[in-house]
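These values consider heavy atoms only, across backbone and side chains, with no hydrogens, waters or symmetry-generated copies. By convention in this document, chain letters (A, B, ...) are assigned in the order of the sequence lines, proteins followed by strands, and residues within each chain are numbered from 1.
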Protein chains: 2
Amino acid sequence: MADERRYRIGEFAKLVGLSTYTLRYYEDQGLIKSQRDENGVRYYTDLDIRWVGFILHLKGTGMRLNDLKRYVKLRAAGDATIPARREMLQKTKDDAEADIAELQMHLQVLSHKIDWYDGKVDHTIADSESFHDYLQRFNHQ
Amino acid sequence: MADERRYRIGEFAKLVGLSTYTLRYYEDQGLIKSQRDENGVRYYTDLDIRWVGFILHLKGTGMRLNDLKRYVKLRAAGDATIPARREMLQKTKDDAEADIAELQMHLQVLSHKIDWYDGKVDHTIADSESFHDYLQRFNHQ
DNA sequence: GGTTGACTTAAAGTGCACTCGAAGGTGTTT
DNA sequence: AAACACCTTCGAGTGCACTTTAAGTCAACC
């Protein structure tokens with residue numbers, strides 16, 4: 001209720017960690033709204049901080065601007081779109097989890113390579129053993 | 001040793017999951033090498049499959065082309081660069097792990113939002129409770 | 001002998017998400 | 001009165017990693 005505190009774009013930008021350029025760009029794109037004072041100068045409130053924060057969580061999970069726009073439109077269309085929004089978030093979540101799984105798979109190879117380098121340096125791995133052969137050791141099952 | 005089997009670029013592209021364009025581009029950039037037959041046509045061997053596979057693991061963990069180029073140069077410079085290469089991989093690994101941690105943090109908020117939607121739909125969360133308030137429940141400690 | 005797949009260089013195009021600048025304006029602070 | 005922060009439109013620039021095209025040549029397969 002009490003959104004007394006008003007932030008102009010410069011201050012707001014610092015609070016949310018975006019540039020003023022980006023804030024205007026997001027507004028153009030329909031992702032965020034701002035209010036205007038009597039001189040036409042944008043201002044934001046604490047509610048806007050929360051909203052931008054949430055947008056950044058969505059972006060942080062890999063959601064694209066286009067999907068974000070779609071989400072915002074659904075939101076504006078009222079509670080009837082909650083199931084659709086839920087589905088969007090679920091898909092985003094599933095995708096992100098798949099990305100993490102893939103990333104971790106790549107990371108595992110990378111970790112083995114680091115170990116292999118260490119083995120080469122301290123001679124606990126034979127000079128003759130290639131990384132490919134070394135990797136085979138871990139590919140049982 | 002026995003790298004009898006030769007793959008021309010089209011076949012090789014399918015094997016490694018890259019386009020022929022990309023393979024030539026990577027060769028331009030110095031990331032991969034190819035051999036040539038008597039007509040000047042590129043061919044690759046099983047060793048090249050492994051190498052591209054490894055490159056893709058590195059890319060998969062978020063390594064940039066420029067860093068990949070640097071890595072390849074170090075590799076070409078011999079065993080003396082193993083510590084430097086190891087460091088590159090370690091940094092890539094650390095960065096990727098930081099990325100995952102951040103991603104998971106964002107995912108957690110997203111999961112809560114999904115739960116919140118579910119709570120709204122089945123009325124186990126009061127109509128009056130905002131997501132922001134709901135989130136506070138999980139921010140103790 | 002036509003289709004397919006390869007070759008070359010160099011340049012332009014794509015997609016995403018900003019990021020910046022020009023040019024001219026208003027209002028507040030020092 | 002200058003400096004500063006904001007406003008507008010809108011087009012151009014950035015960075016990354018490809019992706020495609022053009023235009024011409026060459027060789028193998030059916």
List for me each residue that meets side chain to side chain contact (heavy atoms under 4.5 Å, CB included) alongside [X], sequence neighbours excluded, and say none if there are none.
{"X": "B:Glu27", "result": "B:Ile32, B:Ser34, B:Arg36, B:Arg42, B:Tyr44"}
{"X": "A:Leu15", "result": "A:Tyr7, A:Ile49"}
{"X": "B:Ser111", "result": "A:Lys93"}
{"X": "A:Asp94", "result": "A:Gln90, A:Glu97"}

Mind listing the N/O atom pairs, protein and nucleotides 15-20 of chain D, below 3.5 Å?
{"unit_1": "D:dA17", "atom_1": "OP1", "unit_2": "B:Leu65", "atom_2": "N", "d": "3.3"}
{"unit_1": "D:dC18", "atom_1": "OP1", "unit_2": "B:Tyr26", "atom_2": "OH", "d": "3.3"}
{"unit_1": "D:dC18", "atom_1": "OP2", "unit_2": "B:Tyr26", "atom_2": "OH", "d": "2.5"}
{"unit_1": "D:dC18", "atom_1": "OP2", "unit_2": "B:Lys59", "atom_2": "NZ", "d": "3.4"}
{"unit_1": "D:dT19", "atom_1": "OP2", "unit_2": "B:Thr22", "atom_2": "OG1", "d": "3.1"}

- Side-chain cluster (under 4.5 Å, hydrophobic types only) that A:Met105 belongs to, other residues: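 Its cluster partners, ordered by chain and number, are none at all.
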
- Give me the other members of the hydrophobic cluster that B:Ile100 sits in, counting Ile, Leu, Val, Met, Phe, Trp and Tyr linked by side-chain heavy atoms under 4.5 Å, directly or via other members.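 Noted: B:Ile100 shares its cluster with A:Ile100, A:Leu103, A:Leu107, B:Leu103, B:Leu107.
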
- Hey, would you say the A:Phe131 and B:Phe54 ring centroids sit under 6.0 Å apart?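 Yes, they do, as the ring centres are separated by less than 6.0 Å.
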
- Sequence neighbours excluded, the answer for salt bridge (charged side-chain N to carboxylate O under 4.0 Å, His left out) partners of A:Glu87 is none

- Note on the structure: salt bridge (charged side-chain N to carboxylate O under 4.0 Å, His left out) filter on A:Arg85, not counting sequence neighbours, yields none

Whole Å only: how far is the [atom1] atom of [X] from the [atom2] atom of [N]?
{"X": "A:Tyr7", "N": "D:dA5", "atom1": "OH", "atom2": "C1'", "answer": "18 Å"}
{"X": "B:Tyr44", "N": "C:dG5", "atom1": "OH", "atom2": "C1'", "answer": "13 Å"}
{"X": "B:Ile9", "N": "C:dT4", "atom1": "CD1", "atom2": "P", "answer": "19 Å"}
{"X": "A:Glu11", "N": "D:dC6", "atom1": "CD", "atom2": "P", "answer": "9 Å"}
{"X": "A:Asp37", "N": "D:dC7", "atom1": "CG", "atom2": "P", "answer": "9 Å"}

Give every donor-acceptor pair under 3.5 Å between a side-chain atom in residues 58-66 of chain A and any protein atom, sequence neighbours left out.
{"unit_1": "A:Thr61", "atom_1": "OG1", "unit_2": "A:His57", "atom_2": "O", "d": "3.4"}
{"unit_1": "A:Thr61", "atom_1": "OG1", "unit_2": "A:Leu58", "atom_2": "O", "d": "2.6"}

Distances under 3.5 Å only, N/O to N/O: pair up the protein atoms with those of nucleotides 27-30 of chain D.
none

With the criterion being N/O to N/O and under 3.5 Å, what pairs connect the protein with nucleotides 8-11 of chain D, and how long is each?
{"unit_1": "D:dT8", "atom_1": "OP1", "unit_2": "A:Arg36", "atom_2": "NH1", "d": "3.0"}
{"unit_1": "D:dT8", "atom_1": "OP1", "unit_2": "A:Arg36", "atom_2": "NH2", "d": "2.9"}
{"unit_1": "D:dT8", "atom_1": "OP2", "unit_2": "A:Arg42", "atom_2": "NH1", "d": "2.8"}
{"unit_1": "D:dT8", "atom_1": "OP2", "unit_2": "A:Arg42", "atom_2": "NH2", "d": "3.0"}

- Item | Under-4.0 Å salt bridge between B:Arg6 and B:Glu11 | no

